[in-house]
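Owing to the predicted nature of the structure, the values given are computational and were not obtained by experimental measurement.
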Number of protein chains: 2
Amino acid sequence: MEIDRIIHEPARLRIMMILSGLEQADFNFLLTTLSLTRGNLSRHMEKLESAAYLKVKKSFKGKIPNTSYQLTQKGSKSLAQYWENLDSVRQLGNSR
Amino acid sequence: MEIDRIIHEPARLRIMMILSGLEQADFNFLLTTLSLTRGNLSRHMEKLESAAYLKVKKSFKGKIPNTSYQLTQKGSKSLAQYWENLDSVRQLGNSR
DNA sequence: CAAACAAGTTTGCAATGCAAACAGATAATT
DNA sequence: AATTATCTGTTTGCATTGCAAACTTGTTTG
(Lines give C-alpha, C1' and ligand atoms only; values in the text may rest on other atoms or scores of the structure.)
Protein backbone atom coordinates (compact mmCIF):
# COMPACT_ATOMS: atom_id res chain seq x y z
CA MET A 1 0.00 0.00 0.00
CA GLU A 2 2.99 2.28 -0.05
CA ILE A 3 3.61 4.83 -2.73
CA ASP A 4 6.39 3.58 -4.99
CA ARG A 5 8.93 6.36 -4.91
CA ILE A 6 10.70 5.18 -7.99
CA ILE A 7 7.57 5.86 -9.98
CA HIS A 8 6.39 8.75 -7.87
CA GLU A 9 9.09 11.15 -9.01
CA PRO A 10 7.33 13.42 -11.52
CA ALA A 11 9.80 13.05 -14.36
CA ARG A 12 9.82 9.27 -14.02
CA LEU A 13 6.06 9.10 -13.73
CA ARG A 14 5.79 10.92 -17.05
CA ILE A 15 8.34 8.58 -18.56
CA MET A 16 6.44 5.55 -17.38
CA MET A 17 3.15 6.89 -18.68
CA ILE A 18 4.62 7.71 -22.07
CA LEU A 19 6.15 4.27 -22.33
CA SER A 20 2.92 2.66 -21.25
CA GLY A 21 1.26 4.16 -24.30
CA LEU A 22 3.96 3.63 -26.85
CA GLU A 23 5.42 0.13 -26.80
CA GLN A 24 8.84 1.69 -27.03
CA ALA A 25 10.54 5.08 -27.19
CA ASP A 26 14.10 6.20 -27.63
CA PHE A 27 16.26 8.57 -25.65
CA ASN A 28 15.83 11.58 -27.89
CA PHE A 29 12.11 11.23 -28.15
CA LEU A 30 11.82 11.26 -24.38
CA LEU A 31 14.29 14.09 -24.20
CA THR A 32 12.31 16.43 -26.41
CA THR A 33 8.94 15.28 -25.11
CA LEU A 34 9.84 15.85 -21.49
CA SER A 35 12.32 18.69 -21.88
CA LEU A 36 14.79 17.37 -19.37
CA THR A 37 18.54 17.67 -19.67
CA ARG A 38 20.26 14.64 -21.12
CA GLY A 39 22.02 14.07 -17.83
CA ASN A 40 18.87 13.92 -15.82
CA LEU A 41 17.06 11.77 -18.30
CA SER A 42 19.98 9.37 -18.24
CA ARG A 43 19.85 9.10 -14.47
CA HIS A 44 16.13 8.56 -14.43
CA MET A 45 16.31 5.84 -17.03
CA GLU A 46 19.10 4.17 -15.14
CA LYS A 47 16.98 4.15 -12.04
CA LEU A 48 13.97 2.73 -13.82
CA GLU A 49 16.12 0.12 -15.45
CA SER A 50 17.73 -0.97 -12.22
CA ALA A 51 14.26 -1.42 -10.79
CA ALA A 52 13.55 -3.63 -13.79
CA TYR A 53 10.66 -1.42 -14.77
CA LEU A 54 11.97 -1.13 -18.28
CA LYS A 55 14.47 -2.74 -20.54
CA VAL A 56 17.01 -1.03 -22.68
CA LYS A 57 17.84 -1.80 -26.26
CA LYS A 58 21.02 -0.24 -27.56
CA SER A 59 21.52 -0.24 -31.28
CA PHE A 60 22.81 1.88 -34.12
CA LYS A 61 20.73 3.90 -36.47
CA GLY A 62 23.23 4.16 -39.28
CA LYS A 63 26.37 5.06 -37.42
CA ILE A 64 24.85 6.90 -34.53
CA PRO A 65 24.03 5.05 -31.37
CA ASN A 66 20.43 4.80 -30.38
CA THR A 67 19.04 3.81 -27.03
CA SER A 68 15.50 2.64 -26.87
CA TYR A 69 13.35 1.74 -23.89
CA GLN A 70 10.42 -0.50 -23.33
CA LEU A 71 8.30 -1.14 -20.27
CA THR A 72 8.65 -4.56 -18.71
CA GLN A 73 5.71 -6.49 -17.34
CA LYS A 74 6.93 -5.67 -13.89
CA GLY A 75 6.97 -2.03 -14.88
CA SER A 76 3.41 -2.15 -16.17
CA LYS A 77 2.17 -3.86 -13.07
CA SER A 78 3.97 -1.47 -10.77
CA LEU A 79 2.58 1.47 -12.67
CA ALA A 80 -0.96 0.16 -12.42
CA GLN A 81 -0.46 -0.51 -8.74
CA TYR A 82 0.91 2.98 -8.31
CA TRP A 83 -2.25 4.56 -9.65
CA GLU A 84 -4.38 2.32 -7.50
CA ASN A 85 -2.50 3.40 -4.44
CA LEU A 86 -2.74 7.00 -5.41
CA ASP A 87 -6.47 6.65 -5.90
CA SER A 88 -6.80 5.30 -2.43
CA VAL A 89 -4.90 8.27 -1.08
CA ARG A 90 -7.31 10.43 -3.01
CA GLN A 91 -10.19 8.83 -1.15
CA LEU A 92 -8.81 10.01 2.17
CA GLY A 93 -10.68 13.24 1.61
CA ASN A 94 -14.07 11.56 1.86
CA SER A 95 -14.34 11.30 5.58
CA ARG A 96 -16.60 14.29 5.91
CA MET B 1 1.47 22.83 -14.93
CA GLU B 2 4.24 21.57 -12.72
CA ILE B 3 3.72 19.02 -10.00
CA ASP B 4 3.76 20.80 -6.64
CA ARG B 5 6.47 19.03 -4.73
CA ILE B 6 5.32 20.32 -1.40
CA ILE B 7 2.09 18.43 -1.85
CA HIS B 8 3.58 15.59 -3.87
CA GLU B 9 5.47 14.07 -0.95
CA PRO B 10 3.35 11.06 0.06
CA ALA B 11 3.09 11.85 3.75
CA ARG B 12 2.12 15.43 3.05
CA LEU B 13 -0.34 14.43 0.37
CA ARG B 14 -2.09 12.23 2.90
CA ILE B 15 -2.07 15.04 5.41
CA MET B 16 -3.58 17.43 2.92
CA MET B 17 -6.27 14.96 1.92
CA ILE B 18 -7.21 14.25 5.50
CA LEU B 19 -7.41 17.93 6.27
CA SER B 20 -9.46 18.55 3.17
CA GLY B 21 -12.09 16.22 4.56
CA LEU B 22 -12.07 17.26 8.17
CA GLU B 23 -12.14 21.02 8.63
CA GLN B 24 -9.43 20.61 11.24
CA ALA B 25 -7.28 17.96 12.86
CA ASP B 26 -4.76 17.97 15.65
CA PHE B 27 -1.24 16.68 15.88
CA ASN B 28 -2.03 13.43 17.62
CA PHE B 29 -4.87 12.55 15.35
CA LEU B 30 -2.60 12.92 12.35
CA LEU B 31 0.12 11.06 14.16
CA THR B 32 -1.93 7.96 14.82
CA THR B 33 -3.76 8.12 11.52
CA LEU B 34 -0.61 8.33 9.46
CA SER B 35 1.77 6.43 11.72
CA LEU B 36 4.68 8.75 11.28
CA THR B 37 7.16 9.63 13.97
CA ARG B 38 6.43 12.85 15.80
CA GLY B 39 9.59 14.38 14.43
CA ASN B 40 8.68 13.75 10.85
CA LEU B 41 5.12 14.87 11.28
CA SER B 42 6.39 18.06 12.85
CA ARG B 43 8.66 18.76 9.91
CA HIS B 44 5.98 18.07 7.37
CA MET B 45 3.53 20.37 9.11
CA GLU B 46 6.13 23.06 9.31
CA LYS B 47 6.69 22.78 5.60
CA LEU B 48 3.02 22.94 4.80
CA GLU B 49 2.59 25.88 7.10
CA SER B 50 5.47 27.82 5.60
CA ALA B 51 3.85 27.32 2.20
CA ALA B 52 0.71 28.79 3.74
CA TYR B 53 -1.22 25.66 2.86
CA LEU B 54 -2.51 25.36 6.37
CA LYS B 55 -2.77 27.39 9.50
CA VAL B 56 -1.86 26.31 12.97
CA LYS B 57 -3.87 26.85 16.10
CA LYS B 58 -2.03 26.22 19.34
CA SER B 59 -4.12 25.91 22.47
CA PHE B 60 -4.40 23.96 25.68
CA LYS B 61 -6.75 21.13 26.31
CA GLY B 62 -6.84 21.32 30.07
CA LYS B 63 -3.19 21.60 30.89
CA ILE B 64 -1.74 19.81 27.94
CA PRO B 65 -0.78 21.68 24.82
CA ASN B 66 -2.69 20.93 21.68
CA THR B 67 -1.76 21.86 18.14
CA SER B 68 -4.46 21.87 15.57
CA TYR B 69 -4.29 22.39 11.83
CA GLN B 70 -6.65 23.65 9.22
CA LEU B 71 -6.32 23.96 5.47
CA THR B 72 -6.17 27.48 4.12
CA GLN B 73 -7.93 28.53 0.95
CA LYS B 74 -4.57 28.58 -0.74
CA GLY B 75 -4.02 25.04 0.47
CA SER B 76 -7.37 23.87 -0.89
CA LYS B 77 -6.75 25.45 -4.24
CA SER B 78 -3.26 24.08 -4.51
CA LEU B 79 -4.50 20.63 -3.63
CA ALA B 80 -7.21 20.76 -6.27
CA GLN B 81 -4.69 22.00 -8.80
CA TYR B 82 -2.34 19.22 -7.81
CA TRP B 83 -4.89 16.56 -8.65
CA GLU B 84 -5.68 18.25 -11.92
CA ASN B 85 -2.05 18.21 -12.87
CA LEU B 86 -1.70 14.62 -11.87
CA ASP B 87 -4.72 13.70 -13.94
CA SER B 88 -3.11 15.28 -16.94
CA VAL B 89 0.00 13.25 -16.36
CA ARG B 90 -2.22 10.22 -16.21
CA GLN B 91 -3.51 11.03 -19.67
CA LEU B 92 -0.03 10.76 -21.12
CA GLY B 93 -0.63 7.06 -21.55
CA ASN B 94 -3.36 7.58 -24.12
CA SER B 95 -1.21 8.24 -27.12
CA ARG B 96 -1.54 4.76 -28.51
C1' DC C 1 43.14 17.88 -38.96
C1' DA C 2 40.58 20.80 -36.07
C1' DA C 3 36.25 22.36 -34.59
C1' DA C 4 31.54 21.54 -33.94
C1' DC C 5 27.95 18.14 -33.09
C1' DA C 6 25.54 14.08 -31.18
C1' DA C 7 24.31 10.66 -27.62
C1' DG C 8 24.69 9.48 -23.32
C1' DT C 9 27.26 9.08 -18.67
C1' DT C 10 29.54 10.71 -14.58
C1' DT C 11 30.36 14.06 -11.07
C1' DG C 12 29.34 17.62 -7.43
C1' DC C 13 26.29 20.17 -4.94
C1' DA C 14 22.16 21.60 -2.59
C1' DA C 15 17.81 20.13 -0.88
C1' DT C 16 15.10 16.94 1.89
C1' DG C 17 13.01 12.88 4.06
C1' DC C 18 13.80 10.09 7.97
C1' DA C 19 15.25 8.54 12.68
C1' DA C 20 17.11 9.68 16.80
C1' DA C 21 18.18 13.02 20.25
C1' DC C 22 16.47 16.87 22.73
C1' DA C 23 13.35 20.13 25.34
C1' DG C 24 9.79 21.61 28.40
C1' DA C 25 5.98 20.73 30.87
C1' DT C 26 2.76 17.68 33.65
C1' DA C 27 1.67 13.31 36.06
C1' DA C 28 2.90 9.24 38.55
C1' DT C 29 5.91 6.62 41.84
C1' DT C 30 8.70 5.61 45.74
C1' DA D 1 10.06 15.87 47.60
C1' DA D 2 12.76 13.89 44.46
C1' DT D 3 13.13 10.90 40.75
C1' DT D 4 10.99 8.59 37.02
C1' DA D 5 7.81 8.28 33.37
C1' DT D 6 4.59 10.58 29.93
C1' DC D 7 3.09 13.73 26.80
C1' DT D 8 3.63 17.13 23.04
C1' DG D 9 6.13 18.68 19.96
C1' DT D 10 11.04 20.59 17.96
C1' DT D 11 15.80 20.25 16.52
C1' DT D 12 19.74 17.83 14.74
C1' DG D 13 22.53 14.64 11.74
C1' DC D 14 22.88 11.59 8.21
C1' DA D 15 22.04 9.29 3.92
C1' DT D 16 19.56 9.71 -0.30
C1' DT D 17 18.53 11.95 -4.51
C1' DG D 18 17.20 15.31 -8.06
C1' DC D 19 19.43 18.62 -10.86
C1' DA D 20 22.99 21.15 -13.65
C1' DA D 21 27.34 21.13 -15.39
C1' DA D 22 31.36 18.75 -16.91
C1' DC D 23 33.02 14.83 -19.22
C1' DT D 24 33.40 10.85 -22.66
C1' DT D 25 33.14 8.53 -26.88
C1' DG D 26 32.44 8.76 -31.35
C1' DT D 27 30.91 11.25 -35.88
C1' DT D 28 30.36 14.86 -39.16
C1' DT D 29 31.75 19.12 -41.33
C1' DG D 30 34.78 22.92 -42.94
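In this structure, A:Met45 places its CE atom 15 Å from P of D:dC19, rounding to the nearest Å. A:Phe60 has its CZ atom 11 Å from the C1' atom of D:dT27, to the nearest Å. For B:Ile15 and D:dG9, the CD1 to C1' distance is 14 Å, given to the nearest whole Å. The separation between B:Arg12 atom CZ and C:dG17 atom C1' is 8 Å, rounded to whole Å. Atom CG in A:Leu41 sits about 14 Å away from atom P in C:dT10, given to the nearest Å. In this entry the distance linking NE2 of B:His8 with C1' of C:dA15 reads 16 Å, nearest Å. A:Leu48 places its CG atom 10 Å from the P atom of D:dG18, with the value rounded to the nearest Å. Put simply, CG on A:Asn40 is 10 Å from P on D:dA21, counting in whole angstrom units.
In this model, the phosphate group of C:dG8 is approached by a side-chain N or O of A:Thr67 to a distance below 4.0 Å at OP1 or OP2. Dashed line: the shortest gap from a side-chain N or O of B:Ser42 to OP1 or OP2 of D:dT10 is under 4.0 Å.
No contact: B:Lys61 has no heavy atom under 4.0 Å from any strand. Using a 4.0 Å heavy-atom criterion, one finds that A:Glu9 contacts the sugar-phosphate atoms exclusively.
Projected onto DNA chain D by closest heavy-atom contact, A:Leu36 and B:Asn66 fall at different nucleotides, the more 5' of which corresponds to B:Asn66. For the pair A:Arg5 and A:Asn28, nearest-nucleotide mapping onto DNA chain C gives the more 5' position to A:Asn28.
Between C:dC18, C:dA27, D:dT8, one nucleotide has an atom nearer to the side chain of B:His44 than all others, and that is C:dC18. Here D:dT28 is the nucleotide among D:dT28, C:dT10, C:dT26 with the atom lying nearest to any side-chain atom of A:Lys63. In this structure, of C:dA7, C:dT10, D:dT11, it is C:dA7 that holds the atom nearest to the side chain of A:Ile64. Proximity note for A:Arg38 (side chain, C-beta onward) versus C:dA7, C:dG17, D:dT10: the nearest is C:dA7. For B:Lys58, the listed nucleotide lying nearest its side chain is D:dG9; candidates were D:dG9, C:dT16, D:dG18. Distance from the side chain of A:Pro65 is smallest to C:dA7 among D:dC19, D:dT28, C:dA7.
Closest non-hydrogen pair, A:Met17 versus A:Trp83, comes out as SD-NE1, 3.2 Å.
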inquiry  = Walk me through whether A:Asn85 and A:Gln81 qualify under side chain to side chain donor-acceptor pair (under 3.5 Å).
reply    = CA-CA 6 Å; A:Asn85 292 344; A:Gln81 182 69 56; 3.0 Å; yes
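Note on ring orientation: taking the six-membered ring where Trp is involved, the planes of A:Tyr69 and A:Phe27 are tilted (angle from 30° to 60°).
Interatomic distance, CE of B:Met45 versus CG of B:Leu48, reported as 6.0 Å (0.5 Å rounding).
Checked for salt-bridge contact, A:Glu9 and A:Arg14 miss the test: no charged N lies under 4.0 Å from a carboxylate O.
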